[in-house]
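Heads up, the thing below is written out as structure tokens.
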There are 2 protein chains.
Amino acid sequence: MITTVGTLQTGLQAGKRRTRQRRAVLEAVRNCMTHPDAQWVYEQVRKELPRISLGTVYRNLDLLSREGFIQQLKIGGSYTRYDGDVHSHSHITCRRCGMIENVDVPPLSSVIEEAISTTHFSDVTPQLDFYGICMRCRQQAN
Amino acid sequence: MITTVGTLQTGLQAGKRRTRQRRAVLEAVRNCMTHPDAQWVYEQVRKELPRISLGTVYRNLDLLSREGFIQQLKIGGSYTRYDGDVHSHSHITCRRCGMIENVDVPPLSSVIEEAISTTHFSDVTPQLDFYGICMRCRQQAN
DNA sequence: ATAGGTGCAAATGTTTTGCTGTCAA
DNA sequence: TTGACAGCAAAACATTTGCACCTAT
């Protein structure tokens, strides 16, 4: 069995050293389907490495996202969330409970490209997100 | 000359009382073109009302955005920014300096509507934002 | 051996809140 | 008159950072 923990399939390495802490953080984000925040990752990783600190989790989440191993999501709530899926996709956030789900959206039309061209910005990337009410919240007749 | 400070043209009122503090906060956000944060609004309003507290600014910004008089922007940086322009439009944020500019984007295509329909969410609103490098930052050869 | 990384705790920066007093209606 | 709101300060909250020690290379 080949283990690729802490390494992309291409053999790329995050940071300069391959530490247990970094591998565990990447592993946790990748295995989580719910777009976790730093606290969740911390609690998860602590099951394996009880002495890891929250600061280390933050530092690694930052490094991993800067180097493109994971994605930082600054949508909706009051804290930053992470996504182990780095392929380009959108997110839909529940306005009531904050739950995030993935949405596959086709490439944005040339109409939007035109809108961008009216600005004086360069290297522009669009980010399309959605907000709504999830099924679970809708069913809870409050 | 008709003054509409603190009141929408329709005569709607924010909150239950028309306080000087609330009017000044709304005024400040409306007159500012740079999508200010709470601190900026605080400093601005303090010129007129030196005894206003930051807490009051936050409470009013919150109330005004909940009631639709202004718009809350949770994009990019580490703090919440506000927009006095409540008509539906997008924003483009500079990745380097955080500067925000407005972008007028045509209505999103039906292709996107379809993507939304694959989710189990209701009352979905799309939010399209852009990130890039502004002209000023590009010119500063760093 | 050594630079990069970790743990810990304190600091930071933004936003919220409890309480008491004030003021718009 | 009275309840919504303001001022103040402390608390809450997520996140960052300084420093001494550790460890992957």
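It should be emphasised that the depicted structure is a prediction, and the values quoted were computed from it without experimental measurement. Every chain is numbered from 1 and lettered A, B, ... according to where its sequence line falls, protein lines coming before strand lines.
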Among the candidates [options], find the nucleotide nearest to the side-chain atoms of [X].
X: A/Tyr79; options: D/dG7, D/dT15, C/dT6; value: D/dT15
X: B/Thr19; options: D/dT15, D/dA6, C/dA24; value: D/dA6
X: B/Thr56; options: D/dT23, C/dT6, D/dG7; value: D/dG7
X: B/Tyr58; options: C/dT14, D/dG7, C/dG5; value: C/dT14
X: B/Arg22; options: D/dG7, D/dC5, D/dT23; value: D/dC5
X: B/Arg18; options: C/dA24, D/dT15, D/dG7; value: C/dA24
X: A/Thr80; options: D/dA6, D/dA24, D/dT15; value: D/dT15

Taking any heavy-atom pair under 4.0 Å as a contact, classify [X]: base, sugar-phosphate, or nothing.
X: A/Asn60; value: sugar-phosphate
X: B/Leu54; value: base
X: B/Asp62; value: nothing

Between [atom2] on [N] and [atom1] on [X], what's the gap in Å once rounded to a whole number?
X: B/Arg46; N: D/dC8; atom1: CZ; atom2: C1'; answer: 13 Å
X: B/Tyr42; N: D/dA6; atom1: OH; atom2: P; answer: 14 Å
X: B/Arg23; N: C/dA25; atom1: CZ; atom2: P; answer: 8 Å
X: A/Trp40; N: D/dA14; atom1: CH2; atom2: P; answer: 17 Å
X: B/Arg66; N: C/dT15; atom1: CZ; atom2: P; answer: 16 Å
X: B/Glu43; N: C/dT14; atom1: CD; atom2: C1'; answer: 14 Å
X: B/Gln13; N: D/dC5; atom1: CD; atom2: P; answer: 9 Å
X: A/Arg17; N: C/dA1; atom1: CZ; atom2: C1'; answer: 11 Å

Under-3.5 Å donor-acceptor pair between [X] side chain and [N] base:
X: B/Arg59; N: D/dG7; value: yes
X: A/Arg20; N: C/dG5; value: no
X: B/Arg51; N: D/dG7; value: no

query: B/Ile70 and side chain to side chain contact (heavy atoms under 4.5 Å, CB included): which partner among B/Val41, B/Asp83, B/Asp85, B/Leu61?
result: B/Leu61
If every non-hydrogen atom of [X] is compared with every non-hydrogen atom of [Y], which pair is closest and at what distance?
X: A/Arg96; Y: A/Cys137; value: NH1-O, 3.5 Å
X: B/Arg22; Y: B/Gly15; value: NH2-CA, 3.7 Å
X: B/Ala14; Y: B/Glu67; value: CA-OE1, 3.4 Å

query: What does the inter-axis angle of the helix from C/dA1-D/dT25 to C/dA25-D/dT1 come out as, five pairs per end, nearest 10 degrees?
result: 30°
task: Check the hydrophobic clustering (I, L, V, M, F, W, Y; side-chain heavy atoms under 4.5 Å; chains of links allowed) and say if B/Leu128 and B/Leu73 are grouped together.
output: no
query: Which value, rounded to the nearest 0.5 Å, describes the distance between A/Asp104 atom CG and B/Thr119 atom OG1?
result: 12.0 Å
- prompt: Of A/Lys16 and B/Ser53, whose closest DNA chain D nucleotide lies nearer the 5' terminus?
  reply: B/Ser53
field: B/Gln21 or B/Gly55, whichever maps to the more 5' nucleotide of DNA chain D
entry: B/Gln21
message: For the backbone of A/Tyr58 and the side chain of A/Asp62, can you confirm whether one donor and one acceptor N or O come within less than 3.5 Å of each other?
response: no
- prompt: With a cut-off of 6.0 Å (strictly less than), are more than 12 heavy atoms of other residues, nucleotides or ligands near NE2 of A/His120?
  reply: no
query: Are more than 12 heavy atoms from other residues, nucleotides or ligands located less than 6.0 Å from atom OH of A/Tyr79?
result: no
statement: Walking DNA chain C from its 5' end, the first of A/Leu63 and A/Pro50 to be reached, judged by nearest nucleotide, is A/Leu63
- request: Name the residue closer to the 5' end of DNA chain C, choosing between B/Tyr82 and A/Gly15 according to the nucleotide with the nearest heavy atom.
  value: A/Gly15
